[in-house]
**Q** 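Quick one: structure below, then a few questions.
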Amino acid sequence: MTYKEPYIALAPVMIYALGALLDLVDRRTSSAVSHATALLGSLVGLAVALNALLSGSTQQFTLFAVAPFASLSFRLDPLAAYFLLVISVVAAAVSLYAIGYLRGEHGSSVGLGAAFNGFLATMALVVLADSVFAFLFAWEAMSLVSFFLVIHHSEQKEVRRAGFVYLVMTHAGTAFLLVGFFLLSTAAGSLDFEALRAASTSLSPLVRDSVFLLALVAFGTKAGIIPLHVWLPRAHPAAPSHVSALMSGVMIKTAIYGLLRIGWELAGPGPVWWGGLILALGAASAVLGVLYALMEHDLKRLLAYHSVENIGIILMGLGAAFLLAPLGHPTAAALALLACLYHVLNHAVFKGLLFLGAGAVQQATRTRDLESLGGLIRRMPWTGVTFLVGAAAISALPPLNGFASEWLTFQSLLAVGTAAAGPVLTVGAAAAAGLLSLTGGLAAFCFVKAFGIAFLGMPRGAAAGAAREVGRPMLLGMGLLAVLCFALGLIPTGMARLLAPVTSALVGAVAQPSLSLTPLPATTRGGSLAPLALLGLLVALGLLAFLLGRLIGGPVQTRLAPPWCCGITLEPSMQYSASALAKPVRIVFRTLVRPYNVITRTHGLGIPYFVSSVQYEAGIHPVYERYLYTPTVRALLTLAHQIRLLQTGSLRTYLAYVFATLVVVLLLTR
C-alpha cells in the first residue's frame, strides 16, 4: 500500500532540527536540552519506523524541486524503515547517556549539541532519500557534520590529523558514488529513484557491473571494509565517546543501506560474481579486523577495529544473499538477508554499548590505555557489568544477540554451499564459514584481554585506583543497550517477522530460519536454534553447579587471603599486561599483521652488564598505508606539482587556456 502523508516520516528530522536550533540559541542549557530533544526525536523515529514495518506501508512525497531536474524526494518503505529503526534505537540510548557524559567532559562543548542533532537528522535523511539529489545532499551533510564532531577536540594534533584523513576518504568515496549515479541517471533519463527502479531491468551488463563496483568502493569506504578502512581507527577514537558510539554503531551501517538500495534495488541483483566479491571482502575484513583489534591497547581503537570485523560479518551475510538470488534460491537469499540485517541491528546495539562503556572508563580515569587500567570492576561495578554484557555479545556467546545473528549467518553460508552449482562456490562457502568461526574465537580472546586488563586485577595507575562510578544518565544509557543485547538474542523469531516485509520487497520471499527444536527446511540445513530453551539450559546448569557445590562443600565459608606470589607481596607490575596476553596471537599471525617490537635498555653505572630499566614498545606495520596509500599520495602530489606549472599568473596565458578549451568543446560537439 502506498499513501501520501507528508511530514510524518520527517517528524524525527524536524525534532532533531529543533534540538540543533535550541543549542545554538541558548548555549547555557545546550548540554541537557539539546540532547533531551534528540532523545525525543529518537523515540518518535522509533515509533514511525515500527509503524511502517508492522503495517508494511510505503510513504512517498516530495518537499520541493530545487531545479527542474532535481527534487528533494523522500520515501519510507520497509528497507528505509528498518534502518531508521536502527538509527533511532541507538540514538535514544546515546542521547540519554550524553546528558550525563557532557557534564564531566573537559573542554568546551559549544555547538556539540547542534552538531549531534544534525548528525542524527542527516543519517535519517540518508535512509529516507528517494532521489539522487536528496541522497547526495543528505550523504554529504552527514559526512560534514560527522567531520566537525570528529575534530571537536581540535586542539590535539592527532585529532586534526584524524579529521583530515576522514574527510579525504569520505569525499573520495563520494566521487565514486557520483559517477555511479551519473551512469544510472543517464540510462534512466531522470534523477528520481522511481525512474531508476523502472529502468534497472533494461541496464546493459557493462553499466550494471560498473555501477555495482563504483557503489562497492563508495560505500565500502564509508563502511570501513579492508583496505578502505584506514580512516576508521583514527576518526572513531578521536570523536567524543557518545559520538564514537553513533559513528561506529550506526553511521557505517548507512553504507550497508546504500549498497542494498543501489547495488541490489537500482542496479541489481547482478551475476554470481557480485556476491562472491562481497563475500570475499567480508571474510577478509572480519579476520583482519579482529587481528588488528587484538594488537591494539588503546581501548577505543580496539573497538574501532572491531567495527571493521563486524562490517565483514555483515558483508558475509549480504554476499551470501547476492549469491543465492541469481542461483534461484529466493528463500535462502531471504535467510541471508535476514542474517545481514539482524546483525546490522545487533552490532549497532552492542558496539554502541561498548563505546559508551569505554567513554565512562575514559571519563573516570582520563586514559584509554589498557596498560594503565585495572581493578575497575570494584570501583565502577555497573559500568563493568554492562561492558561485560557487550563483550559477551560481540564475542557471539549465547544467549546474547551477537550469537543469534552469527548463527543465521552460518546457516546462510551453509545454504550457499548446498545451493552452489560448482565446487568453487562450495569450497568458498565452507572457507567463509571457517573464517567466521575463527573470527568469533579471536573476538572472544580479544575481549578477554580488553575486559580482563581494564576491569580485573589491581590498578596499574593512580588514575585507575581513584576511579569512581559515572552518573545515572550514563548508566541508564548503557543499561538500556545491555538489556537489548539480551532481548534481541532471545527473540530472533520476532526479528524474522519484523524483517519479513524487507525480504519480501527485495527477494520476493520470506526467510524460514530454524529457530526452534523442529527440523530444518531443506534450504537451511545446518542445525537449529531455540534461544529460550538454550537460556533455560544455561540457567539450569548454573543452578545445578551451585547446588552440587553446596551439597559437596557444605555451607559457604568466606576466607579472605592475599594471592600467593612466591612469598612476596603482589604488585601491579607482576600482572599480565595487554601486550603479553596478545603475544601468542601476534606470533601465530605475524605474517598477516606484520608486528614489530623495540626493546630499549638503560644501563646503570655505565656498565653494560647492569640494566637499570627496560622500555618495551610493540606495534604493527601499517601495511596498507605503506604499500597502497603512501605510493598513491606520492603520485598525486607529483601530479599536482606538474599541474601547478600551468598556473603562471599571466592573464594572456589564462585566456589562451579558455580559448583552447572552447575550441576542443566545439570540435567534440559539432
Side-chain angles (χ1 to χ4, degrees), residues 9-10 12-13 16-17 20 60-77 79-80 83-84 87 115 118-150 166-200 203 207-208 210-224 228 231 235 247 250-268:
L10 291 181
V13 178
Y16 294 141
Q60 290 177 283
F61 55 91
T62 300
L63 289 184
F64 56 86
V66 180
F69 55 86
S71 61
L72 280 175
S73 300
F74 298 96
R75 170 188 170 105
L76 181 65
D77 60 5
L79 179 61
F83 278 87
L84 181 61
I87 294 169
F119 188 34
L120 295 176
T122 52
M123 284 193 292
L125 287 175
V126 165
V127 302
L128 293 172
D130 196 42
S131 68
V132 173
F133 181 82
F135 189 92
L136 288 175
F137 170 78
W139 188 261
E140 273 298 282
M142 178 183 70
S143 299
L144 289 174
V145 173
S146 57
F147 163 73
F148 286 113
L149 287 169
V150 167
Y166 170 58
L167 195 64
V168 169
M169 290 298 293
T170 192
H171 280 87
T174 303
F176 282 89
L177 187 59
L178 278 169
V179 178
F181 274 134
F182 173 77
L183 294 176
L184 283 175
S185 59
T186 300
S190 173
L191 294 178
D192 290 330
F193 281 3
E194 196 65 35
L196 300 185
R197 291 186 190 94
S200 62
L203 293 175
V207 172
R208 191 186 299 271
S210 299
V211 170
F212 166 73
L213 291 174
L214 290 165
L216 185 60
V217 174
F219 295 122
T221 302
K222 181 67 74 177
L228 305 172
W231 66 271
M247 292 184 69
V250 179
M251 185 193 73
I252 60 176
K253 309 302 172 37
T254 60
I256 304 299
Y257 167 81
L259 200 55
L260 276 168
R261 181 68 78 190
I262 296 171
W264 186 291
E265 189 180 57
L266 302 184

**Q** Taking ring pair (Phe, Tyr, Trp, His ring centres under 6.0 Å) as the test, write out the residues that go with F219, two or more places apart.
**A**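 By the ring pair (Phe, Tyr, Trp, His ring centres under 6.0 Å) rule, F219 matches W139.
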
**Q** Using the salt bridge (charged side-chain N to carboxylate O under 4.0 Å, His left out) criterion, which residues pair with R75? Sequence neighbours excluded.
**A**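 Applying salt bridge (charged side-chain N to carboxylate O under 4.0 Å, His left out) to R75 gives D77, E194.
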
**Q** Just to verify, what does A188 make a side-chain contact (heavy atoms from CB on, under 4.5 Å) with, not counting sequence neighbours?
**A**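 With neighbours one apart ignored, the set is L196, A199.
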
**Q** How close do V145 and G118 get, heavy atom to heavy atom, and via which atoms?
**A**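 Where V145 meets G118 most closely, the heavy atoms are CG1-C, 4.0 Å.
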
**Q** Would you name the heavy atoms of V217 and T221 that are closest together and state the gap between them?
**A**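 Result for this residue pair: O-OG1, 2.7 Å.
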
**Q** With side chains defined as the heavy atoms from C-beta onward, is the minimum distance between S146 and M251 less than 4.5 Å?
**A**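 The answer is yes; the side chains approach within 4.5 Å.
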
**Q** Measure the shortest side-chain to side-chain distance between M247 and F119 over non-hydrogen atoms and say whether it is less than 4.5 angstrom.
**A**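 Answer yes - side chains close enough.
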
**Q** Within this structure, what is the CG-CG distance for the pair L84 and L79, rounded to the nearest 0.5 Å?
**A**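 Rounded to the nearest 0.5 Å, the CG-CG separation comes to 11.5 Å.
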
**Q** Does L125 reach the side chain of M142, with side-chain heavy atoms less than 4.5 Å apart?
**A**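 They are not in side-chain contact.
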
**Q** Could you tell me which non-hydrogen atom of A115 sits nearest to which non-hydrogen atom of L149, and how far apart they are?
**A**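 Here A115 and L149 meet closest at CB-CD2, 3.5 Å.
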
**Q** Under the salt bridge (Lys or Arg N to Asp or Glu O under 4.0 Å) definition, can you give me all pairs with a residue in residues 174-188, not counting sequence neighbours?
**A**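 Every candidate salt bridge (Lys or Arg N to Asp or Glu O under 4.0 Å) pair involving residues 174-188 fails, so no pair, neighbours aside, qualifies.
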
**Q** What closest approach, in Å, do A215 and I262 show between heavy atoms, and which atom pair accounts for it?
**A**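 In terms of heavy atoms, the two residues are closest at CB-CG2, 4.3 Å.
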
**Q** Run the side-chain contact (heavy atoms from CB on, under 4.5 Å) test on L266 and S200 for me, step by step, so that the C-alpha distance in whole Å, both residues' side-chain angles and the decisive distance to 0.1 Å come before the verdict.
**A** CA-CA 6 Å; L266 302 184; S200 62; 5.6 Å; no

**Q** Restricting to pairs with a member in residues 168-190, which pass salt bridge (Lys or Arg N to Asp or Glu O under 4.0 Å), not counting sequence neighbours?
**A**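 Sorted pair list comes back empty.
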
**Q** Looking at side-chain heavy atoms only, is the closest gap between M123 and V250 below 4.5 Å?
**A**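 Side chain of M123 against side chain of V250, heavy atoms only: contact under 4.5 Å found.
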
**Q** Report yes or no: do S143 and Y166 form a side-chain donor-acceptor pair below 3.5 Å?
**A**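 There is no such pair (donor and acceptor under 3.5 Å, judged by atom type) between the side chains of S143 and Y166.
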
**Q** Looking only at heavy atoms, what is the nearest atom pair of D192 and S73, with distance?
**A**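 Reported closest heavy-atom pair: OD1-OG, 4.1 Å.
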
**Q** Output side-chain donor-acceptor pairs under 3.5 Å for residues 171-184, partner residues at least two apart or in another chain, one line each.
**A**
residue : atom : partner : partner atom : Å
H171    : ND1  : L167    : O            : 2.9
H171    : NE2  : E140    : OE1          : 2.9
T174    : OG1  : E140    : OE2          : 3.1
T174    : OG1  : T170    : O            : 2.9

**Q** Rounded to the nearest 0.5 Å, what's the gap from CH2 on W231 to NZ on K222? Could you check?
**A**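 Reported to 0.5 Å precision, the distance equals 6.0 Å.
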
**Q** Suppose we screen for ring pair (Phe, Tyr, Trp, His ring centres under 6.0 Å). Which residues come up paired with F137, at least two apart in sequence or across chains?
**A**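 Partners of F137 by the ring pair (Phe, Tyr, Trp, His ring centres under 6.0 Å) criterion come out as none, since no residue qualifies.
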
**Q** Could you list the donor-acceptor pairs under 3.5 angstrom formed between side-chain atoms of residues 126-136 and any protein atom two or more places apart in sequence or on another chain?
**A**
residue : atom : partner : partner atom : Å
D130    : OD1  : R197    : NH1          : 3.4
D130    : OD1  : R197    : NH2          : 3.1
S131    : OG   : S71     : O            : 2.6
S131    : OG   : A134    : N            : 3.1

**Q** Any idea which heavy atoms bring K253 and F83 closest together, and the distance?
**A**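 For K253 versus F83, the nearest heavy atoms are O-CE2, 3.3 Å.
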
**Q** State, yes or no, whether a side-chain contact exists between W264 and L259 at a heavy-atom distance under 4.5 Å.
**A**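 W264 does not reach L259 side chain to side chain.
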
